[in-house]
Enquirer: 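Got a structure for you, questions after.
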Number of protein chains: 4
Amino acid sequence: MLDLMAEAEPLNPARRRAPRADAVRNREAIVEAAAEVLAEQGAAVDVREIARRSGVGMGTLYRHFPKKEDLVRTVLRRDFSQWAESARLAAVDAEDPWAALADFYQQALTGYARHRAIVENLALTWAEPDLEGIQQLRRVIERLCARATAAGLLRPGVTTDDLLLLLISLGHAVQLTDECRPHLWTRLLHISLDGLRPGHRAPLPADPDQPR
Amino acid sequence: MLDLMAEAEPLNPARRRAPRADAVRNREAIVEAAAEVLAEQGAAVDVREIARRSGVGMGTLYRHFPKKEDLVRTVLRRDFSQWAESARLAAVDAEDPWAALADFYQQALTGYARHRAIVENLALTWAEPDLEGIQQLRRVIERLCARATAAGLLRPGVTTDDLLLLLISLGHAVQLTDECRPHLWTRLLHISLDGLRPGHRAPLPADPDQPR
Amino acid sequence: MLDLMAEAEPLNPARRRAPRADAVRNREAIVEAAAEVLAEQGAAVDVREIARRSGVGMGTLYRHFPKKEDLVRTVLRRDFSQWAESARLAAVDAEDPWAALADFYQQALTGYARHRAIVENLALTWAEPDLEGIQQLRRVIERLCARATAAGLLRPGVTTDDLLLLLISLGHAVQLTDECRPHLWTRLLHISLDGLRPGHRAPLPADPDQPR
Amino acid sequence: MLDLMAEAEPLNPARRRAPRADAVRNREAIVEAAAEVLAEQGAAVDVREIARRSGVGMGTLYRHFPKKEDLVRTVLRRDFSQWAESARLAAVDAEDPWAALADFYQQALTGYARHRAIVENLALTWAEPDLEGIQQLRRVIERLCARATAAGLLRPGVTTDDLLLLLISLGHAVQLTDECRPHLWTRLLHISLDGLRPGHRAPLPADPDQPR
DNA sequence: CATGAATGAGGCTTCATTCAT
DNA sequence: GATGAATGAAGCCTCATTCAT
C-alpha cells in the first residue's frame, strides 16, 4: 500500500512537476560516471572529475546531488544492488544449496575486486544498514543461508550475519591481493567454506549482539 | 678502547651526539600522538592535529619527519611491530601448536581493532613488503605455520601467505564490526580456523603465483 | 557553412565556447594585477597579494593559472611583448637607421625601469630563449641591427646578441639608478652607442660561442 | 683621530670584555661560509645552510649576527672590499692610464661573475652608499678616472659615477651570460670602453642629479 | 657561550561548494 | 535548468628567529 502511494506522485501533477526530458538523462550520466570513477579511485576523487566524465557542469551535478556524499550514497546503493543481483543470479542456477552458496561467493568476489568505493564503504553494512543495496545483498544471503541450513549442509548456528561478514572480509582480501597475488583469495574462500560445513567439533561461540 | 669511550658518551658530551634530552622526548611524543591520531582517524589527518596533540610546533614535527609520509611510515613500522610482538607473545605460551595459532589470531585481532591507519595500510603487505613491521608479522606467522604443519595439525598445503591474508581479512572484519557487533568476528575466526584444520574433502586450489 | 555557424557563436551559445563574459574579465584582472605586483616587487610576491589586488579569490586565480609559475610566465610574456612592441614603434618613425637604433634604446629603457620581474627574468634570454616575448624583442633588434649595418652606420661585427646584451645590461642599470639618480643611465647609453659606431681602432674580439 | 679612538677599545677592558679565543674564529668561519654560500646561491639561501657549512650552531650564528640581513651586509662589505682591492691591484701595474682602466674592468668583471649576492645587491650602490666595500670600490674608480682624465685619455665629462654604473651593468651582463655565452660580455666591454674614449662628436648629456 | 631543537607565521596549492550568466 | 567560473577554508611544507640545555 505504502509502496503504491509512493509511486502515485502523478496524482498531484502541479506539485512535483518535473520536466524529465534531459534532467533524467543527466542524472543517469552523472551516476554512471560517478560509479566508474568511484570504482576506479575510491571516494576521495575530485568531484570535478565526475562532472567532467559525465559531461555535465558542476552546477548540474550539485543540483541533483547537493552534497558529494549524496552522490556517493546513490552510487553505492546502485552498485551494491547490481552486485547483489549478479551474485544472486549466479546462485540460482545451482540445484545443490551448497553449490549455490559457493557460486554466490565466487561470483560476488570475482566481480567485486574492481570497486574501490564499495570496499571502502562496506563499513556501512552494520553501522548504517539502511543503504538499500546492502539490504538486497543481505536478503540474497539470507535465502542462501536458509536453503543450506534446511538441507543440513551448513554448520549449525551459522547466521546471515556470519555469511555477510565473511563476504565483506573476503572482499577486502580480494582487493588487496588482486594485483599482486590474484589467486590467493580463492584459497581463503575454500578454507572458509570448509569451515562453514557441518561436522566440526566445537560449536560456534554465541553472538549475544544478534538483534532478535 | 676508543669504541668503549665512544659509548661512554657522558665523558665527552661534545663529541658526536649531544644527548638531546628533550629532542628524544619530543620525537617520542610526536610518534605517540601520531599513532593515536592515525589509529583513530587514518592517514588522512591534518598534520596540525598531530602537532597539537603532541604539544609541539609544526617546525618540530617537520624537523623530525620531513614529510608527512615519513611520520606515517614510522608509526606504521612501530605499530606493526608492536602488534606482531604482542601477538607472538600470546602464542608462545601455548604448548599445543594449534592452540598457539588460535591464540595468536585471537590476540592479534583483539588488539588490532582500533587502528585505522594500519588497516588502511595492510594493502602494502604484498605491494610493498619492505615495511619492517610487516616482515616481523610474517615471520611470526611463518613459525606458527611450520609448527602446526609439522605436528600435522594444519591442513596440507596451507602457507604463510594464506595465514597472513586470513589475518588481514579478519582484521578488516574486526574493524567493521567492532563498534556495532563486537562479537561477530569471533565466530568468523572460529569458522576459518576450522577450515584450516586437516581432514577436509577437497585439497586447496594451487597458488600459481607463490614465489617458489 | 558549419564553420561559419561555428563563428556565429551567439546563434548557438551552448555549442563550444560559452562567451564566459566575466571569466575573461577576471583573467585579465589577474594578469593586470600580477603585472603590477611583479613589476613592483619581483617574482617573490605572495600569490595572495595578487589575488587580493585583482579582486578574485585564490581559487579563481588557480583556475586560470594552475601554478604560480604559469602566471608569472604569462605576465612576462605579455610584458616582454608590450615592451618590445612599444620600443619597436619608437624606432620605426626614424628614417635614419642610426636614429632608429637610438630611439629604440631610449624608449625601451625608459618604459622599462619599473619592472622588477622582467629584470629578474632577463636571465632567461639565453638560458631559456623560448619565452615568446624575448623572441619578439630579439627580432626587433635583429632588424635594427641589419638596417644600421647595411647603412654602414654600425661598427663592423656587431651582432644582435651584442645589442641584446647591451639592452639587458643597460636595463639593469636603469633599474638601479631610477630612484636615486634618474639621469645617470642616459649617459651610459650615450657612451655605449658611441662605442657602437664604426671607426674605432681595434676590431671587436671574436665571439666563438656564436651559434653559426 | 677618530679612527684611532675607535681602535682604542682596550682602554676600558671591563666594558666590552671579549673572550676572543674561539668567538673570533667562529665569527670568521661564519662569514667565510656565508660568503661561499651567498656567492653560489644569492641572498635567498636558508640560514641553516650557512650554519652547517661554517660548522657552528644556529645560536652562535645568531649571536654574532642577530638578523640574517646583518650577516649578509657583513659579507657584502667584505666581498666588495676584496673585489675592489683585487681590481685595484690589477690596475696599478699598468703605466698607461688607459690600460689601467681597461685592466681594472677586465679583472673586476672576470673575478666577479661568480658572486650572486653581490650582483643582487649592487642596487645598494646609490640607494645606500654607506656600505664600506662600495666606497672602496668607488675610490678606486675615482683614482682611475682622475688619472685617465688628466692624461686626456678619457672622454670629457665622464665621471666616477658613470664608470661605476658601467661596472655594475657589465657585471650583471657577465652574470647572465657566464654559463651559456661566456665570451659575449667581453665584446660589450670593448664597445663601452671605446665609447669612453675622447673624440666623439656629441658631448655627454648633463647629469643634473650629480651631488656637488 | 655554543648548540641545535623548537617555534609558528606565511607560502603554495587543492577541492567541496556556491553563484552569476 | 544548465553551465562552469568563483570562492575560500584547509592542507602540506619552509625558514627566519628564539630558547632550553
Side-chain angles (χ1 to χ4, degrees), chain A residues 18-19 21-23 26 44-52 55-69 71, chain B residues 13-14 17-27 30 44-51 54-69 71, chain C residues 13-14 17-27 30 44-51 54-69 71, chain D residues 18-19 21-23 26 44-52 55-69 71:
Chain A
D22 51 348
N26 269 339
V45 272
D46 191 331
V47 182
R48 276 159 164 132
E49 173 66 15
I50 299 176
R52 202 174 309 124
V56 307
M58 293 290 289
T60 305
L61 196 157
Y62 269 86
R63 165 172 302 277
H64 288 287
F65 305 96
K67 298 273 170 195
K68 184 188 184 183
E69 168 90 12
L71 175 53
Chain B
R17 280 300 78 199
R20 78 263 222 194
D22 54 343
V24 169
R25 200 162 41 248
N26 269 335
R27 189 190 162 95
I30 292 169
V45 271
D46 189 337
V47 182
R48 274 159 166 120
E49 171 66 16
I50 299 177
S54 49
V56 306
M58 292 291 293
T60 303
L61 197 156
Y62 273 89
R63 153 181 284 274
H64 289 287
F65 305 95
K67 302 272 170 198
K68 183 187 181 184
E69 166 92 13
L71 176 53
Chain C
R17 279 301 76 199
R20 77 260 223 202
D22 55 343
V24 169
R25 201 163 40 248
N26 268 334
R27 190 190 161 94
I30 291 169
V45 271
D46 189 337
V47 182
R48 273 157 166 122
E49 172 66 16
I50 300 177
S54 49
V56 306
M58 292 292 292
T60 303
L61 196 155
Y62 272 88
R63 153 180 283 275
H64 289 287
F65 304 96
K67 302 273 171 198
K68 184 187 181 183
E69 166 91 15
L71 176 53
Chain D
D22 50 350
N26 270 338
V45 272
D46 191 331
V47 182
R48 276 157 164 134
E49 174 66 15
I50 299 176
R52 202 174 307 126
V56 308
M58 294 290 288
T60 306
L61 195 155
Y62 270 86
R63 164 170 305 276
H64 288 287
F65 305 95
K67 298 273 171 195
K68 185 187 182 181
E69 168 88 12
L71 175 52

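Order of the sequence lines fixes the chain letters, A, B, ..., with proteins taken first and strands second; residue numbering starts at 1 for each chain.
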Enquirer: Where do C/Ile30 and C/Leu61 come nearest, in terms of heavy atoms and distance?
Expert: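 Heavy atoms only, the tightest pair is CD1-CA, 3.8 Å.
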Enquirer: So what does the secondary structure string of DNA chain E come out as, 5' to 3', with Watson-Crick or wobble pairs under 3.5 angstrom, [ ] for crossing and | for pairs with another strand?
Expert: .||||||||||||||||||||
Enquirer: How do B/Arg25 and B/Pro66 order along DNA chain F: which one's closest nucleotide is nearer the 5' end?
Expert: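 Per heavy-atom nearest nucleotide, the more 5' residue is B/Pro66.
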Enquirer: Taking only side-chain nitrogens and oxygens of A/His64, does any of them come within less than 4.0 Å of OP1 or OP2 of F/dG1?
Expert: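 So the side chain of A/His64 is outside the cut-off, no N or O lying under 4.0 Å from OP1 or OP2 of F/dG1.
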Enquirer: In whole angstrom, what separates B/Tyr62's OH from F/dG11's P?
Expert: 12 Å
Enquirer: Take the protein atom CG of B/Asp22 and the nucleotide atom P of E/dG4, then report the distance between them rounded to whole Å.
Expert: 13 Å
Enquirer: Between E/dG11 atom C1' and C/Leu71 atom CG, what is the distance in whole Å?
Expert: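 Taking CG of C/Leu71 and C1' of E/dG11, I get 15 Å after rounding.
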Enquirer: Indicate the atoms forming the closest heavy-atom contact of D/Lys67 with D/Tyr62, along with that distance.
Expert: CA-CE2, 4.4 Å
Enquirer: I'd like to check the side chain to side chain contact (heavy atoms under 4.5 Å, CB included) partners of C/Arg48; sequence neighbours left out, ordered by chain and number.
Expert: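 Listed in chain order: C/Asp46, C/Arg52, C/Met58.
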Enquirer: In this structure, how many angstroms lie between the C1' atom of F/dC15 and the CD1 atom of D/Ile50, rounded?
Expert: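 The answer, rounded to whole Å, is 12 Å.
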Enquirer: Whole angstrom is fine here: how far is it from CZ in D/Arg52 over to P in F/dC15?
Expert: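 Taking CZ of D/Arg52 and P of F/dC15, I get 11 Å after rounding.
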Enquirer: Whole angstroms only, please: what is the NZ-P distance between B/Lys68 and F/dA10?
Expert: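 The distance from NZ of B/Lys68 to P of F/dA10 comes to 15 Å, rounded to the nearest Å.
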Enquirer: How many whole angstroms separate atom CD of C/Glu49 from atom P of E/dC12?
Expert: 11 Å
Enquirer: Sort me out a list of protein N/O and nucleotides 7-9 of chain F N/O pairs below 3.5 Å, or just none if empty.
Expert:
| residue | atom | partner | partner atom | Å |
| --- | --- | --- | --- | --- |
| F/dT7 | OP2 | C/Gly57 | N | 2.6 |
| F/dT7 | OP2 | C/Thr60 | OG1 | 2.7 |
| F/dG8 | N7 | C/Gly59 | N | 3.1 |
| F/dG8 | O6 | C/Gly59 | N | 3.2 |

Enquirer: Nearest whole angstrom, please: distance from the C1' of E/dT14 to the CZ of C/Phe65.
Expert: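 Rounded to the whole Å, the gap is 18 Å.
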Enquirer: Please give me the minimum heavy-atom distance between C/Val45 and C/Lys68, naming the atom from each residue.
Expert: O-NZ, 2.8 Å
